[in-house]
2 protein chains.
Amino acid sequence: MAADEDTLAPRDFESLRGLIMDRRSALPRRLAQVAKYALDHPDEVAFGTAASIAGAADVQPSTLVRFAHQLGYEGFSDLQKVFQERLRGRNSSYEERMKALKNTKEDEQGEAALVRGFLTAAQRSLQDFSDLVDPALLSRAVGILAGADTIYLIARRRSYPLVAHMAYAFGKLRVKNNLIASPNGIDPEIASMANRQDAALAISFSPYAADSVAQARAMADAGVPVVAITDSAFSPLADCATEWLEVAESDYAGFRSLSASMALCMALPVAIAEARRQKQGKN
Amino acid sequence: MAADEDTLAPRDFESLRGLIMDRRSALPRRLAQVAKYALDHPDEVAFGTAASIAGAADVQPSTLVRFAHQLGYEGFSDLQKVFQERLRGRNSSYEERMKALKNTKEDEQGEAALVRGFLTAAQRSLQDFSDLVDPALLSRAVGILAGADTIYLIARRRSYPLVAHMAYAFGKLRVKNNLIASPNGIDPEIASMANRQDAALAISFSPYAADSVAQARAMADAGVPVVAITDSAFSPLADCATEWLEVAESDYAGFRSLSASMALCMALPVAIAEARRQKQGKN
DNA sequence: GCACAAATGAAATAAATATTCCACATTGGA
DNA sequence: TCCAATGTGGAATATTTATTTCATTTGTGC
């Protein structure tokens with residue numbers, strides 16, 4: 001049981017937070033995990049059940065009880081009460097509540113409004129894209145990339161972060177890839193090494209960086225299968241691509257969101273790795 | 001049993017309040033008593049047990065269940081959830097959005113399901129972050145960066161795409177910046193050129209790339225103001241940063257979303273440029 | 001590399017809590 | 001005043017949820 005139950009077990013949340021922060025470095029793995037989860041998601045702890053919280057924090061319910069004991073509480077329920085106290089009296093009046101609601105809508109200004117603007121644009125993008133997902137098309141695109149020896153990644157400027165992430169994900173999934181974005185100007189040479197066994201993934205949105213388009217086209221001309229992610233049927237990438245996926249992003253303050261394409265770019269590597277795994281299983 | 005269960009049973013507190021107010025005069029004695037108690041002590045209803053609430057309202061537990069049924073809920077627990085939602089730190093119409101997310105086709109499989117999984121994770125991230133935006137904190141962070149001569153960008157691995165985008169945005173907005181991610185290993189040297197007039201923006205999420213942390217800490221030790229974007233109070237970045245912004249991303253298939261942090265990273269450069277423009281106007 | 005202690009996962013158990021049921025009371029209409 | 005419909009209290013039951021236990025794993029000092 002806990003070392004010194006008496007001195008511990010704070011009854012108010014702030015003391016508890018302090019205690020947890022102090023203790024955490026000295027806690028064993030799973031208990032530290034709980035500590036982190038508890039401070040990161042205090043609302044969940046206040047309302048959840050031991051099982052639901054344990055699930056979310058990826059530990060066993062018993063670990064929660066141990067954690068509570070460690071801190072000097074009688075059990076998880078006792079600890080939970082402190083988390084609940086923290087929420088009592090929040091939003092006490094109807095008026096407050098309405099004011100809070102309005103605040104989030106229009107009253108905010110400055111930086112917060114800007115952030116909210118981008119968040120909204122991102123959300124719209126996701127929604128729009130979600131309505132457009134075409135399973136068959138997606139499946140063909142993944143098929144092409146899964147069949148490739150090396151996947152060449154083509155993107156510039158605004159789209160570059162997308163392939164940067166893919167390169168990272170492919171790396172983790174051990175999928176051979178080549179990010180064509182060297183700062184030393186030998187991109188064309190690298191690109192020219194691609195052959196029919198490889199494939200390219202090109203991403204570009206209006207106004208379509210000339211480099212990206214040129215490289216994608218060169219690949220296509222050389223017989224390399226090209227999968228494109230772009231924003232319109234009129235995109236130059238749509239022309240030269242073997243398959244192309246449409247993503248239309250919303251914009252805010254003149255900057256287009258990247259959230260939908262980013263979600264797609266997170267899914268693709270996983271889908272490709274999965275497809276390869278299955279193919280391997282068959283052989 | 002309840003008259004018309006379908007049309008009733010609101011999922012958010014304000015509708016429920018309205019419904020109760022309407023119904024109250026037409027309710028039998030004990031139920032009216034519960035109605036009054038519930039609206040007078042919503043916190044108790046949120047956290048109490050059926051027995052404790054019944055005791056406080058001077059009715060039987062079964063009366064609470066009847067009350068809930070009368071309103072169209074499955075039972076007291078179901079009703080109680082609405083009272084709990086009210087206290088959760090969720091401002092936007094959280095329930096609605098989550099319901100909307102669930103609407104999406106469940107039967108899909110293969111690649112499409114994967115994409116949808118990532119889209120959902122992204123939306124959840126945006127939603128969660130949207131409720132956490134702290135205008136004052138944000139304002140201080142922007143202030144620090146807007147006051148800097150050169151902004152040093154620190155991020156590795158998963159977070160790298162974020163700063164890659166920022167470098168691009170800063171470039172377009174003509175904000176001096178330096179992306180510390182050179183492939184030639186001279187990062188420490190570059191970082192050591194920063195001074196008090198500059199500032200650093202460090203981004204790292206659990207498990208916190210050692211390089212990022214080390215560089216951020218070095219900057220902080222050298223007296224360079226550091227703004228951090230990270231995911232928890234336990235993050236090593238939270239320690240050493242002058243100000244830190246919390247972004248908790250949802251994950252899917254073991255890959256965490258980037259959408260909320262990306263939205264933030266799109267907003268920051270614009271906010272910084274704007275802050276500088278205004279400062280210039282004054283001089 | 002071994003022995004010991006600490007931590008952990010999973011299942012069994014205990015406790016609590018919500019819900020149902022039914023006998024009884026109350027109300028409103030003939 | 002009686003009847004039927006509706007509402008109510010209280011106990012019995014079902015369900016959910018927390019806690020304990022114990023076998024197994026993991027880490028640590030020698």
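In what follows, chains carry the letters A, B, and so on, assigned in the order in which the sequence lines appear, proteins first and then strands, with residues in each chain numbered from 1. Computation of the quantities below employed the complete heavy-atom set of this structure, encompassing side-chain atoms and omitting hydrogens, waters and symmetry-equivalent molecules.
Here the side chain of B:Arg158 pairs no donor or acceptor atom with the backbone of B:Leu258 at under 3.5 angstrom. Side-chain N or O atoms of A:Gln80 include one that pairs as donor or acceptor with a backbone N or O of A:Val45 at under 3.5 Å. Remark: side-chain polar atoms of A:Asn177 are paired, donor with acceptor, to backbone N or O of A:Val175 under 3.5 angstrom. A donor-acceptor pair is defined here as one N or O able to donate and one able to accept, closer than 3.5 Å; such a pair exists between the side chain of A:Arg276 and the backbone of A:Ala146.
Checked against D:dT20, D:dT17, C:dA18, the side chain of A:Ser62 finds its nearest nucleotide in D:dT20. For A:Arg29, whose side chain is taken as the heavy atoms from C-beta onward, the closest listed nucleotide among C:dT8, D:dT19, D:dT8 is C:dT8. Distance from the side chain of B:Val65 is smallest for C:dT19 among the nucleotides C:dT19, D:dT17, C:dT17. Closest approach to the A:Phe76 side chain among C:dT20, D:dA18, D:dT8 is made by D:dA18 (side chain taken as heavy atoms from C-beta onward). For B:Arg30, counting side-chain heavy atoms from C-beta on, the closest listed nucleotide (D:dG9, D:dT20, C:dT20) is D:dG9.
In this entry the distance linking CD of A:Gln70 with P of D:dT20 reads 15 Å, nearest Å. Distance, A:Gln33 CD to C:dT8 P: 9 Å, rounded to whole Å. To the nearest angstrom, P of C:dA14 lies 19 Å from CD of A:Glu74. Separating the CZ atom of A:Phe67 from the P atom of C:dT8 is a distance of 12 Å, rounded to the nearest angstrom. For B:Gln80 and D:dT15, the CD to P distance is 19 Å, given to the nearest whole Å. D:dT15 atom C1' lies 15 Å from atom CG of B:Asp78, rounded to whole Å. When the C1' atom of C:dA6 is taken as reference, atom CZ of A:Arg66 falls 11 Å away, rounded to whole Å. Rounding to whole angstrom units, OH of residue A:Tyr73 and C1' of D:dT19 are separated by 18 Å.
Contact annotation: B:Ser77 side-chain N/O to C:dT19 OP1/OP2 distance is under 4.0 Å. For C:dT8, neither phosphate oxygen OP1 nor OP2 lies less than 4.0 angstrom from any side-chain nitrogen or oxygen of A:Gln60. Distances shorter than 4.0 Å separate none of the side-chain N or O atoms of B:His69 from OP1 or OP2 on C:dT19.
Between A:Phe47 and B:Phe47, the ring planes lie parallel to each other; the angle is under 30°, not in the 30° to 60° tilted range.
Judged by closest nucleotide on DNA chain D, B:Pro28 is the one of B:Pro61 and B:Pro28 placed further toward the 5' end.
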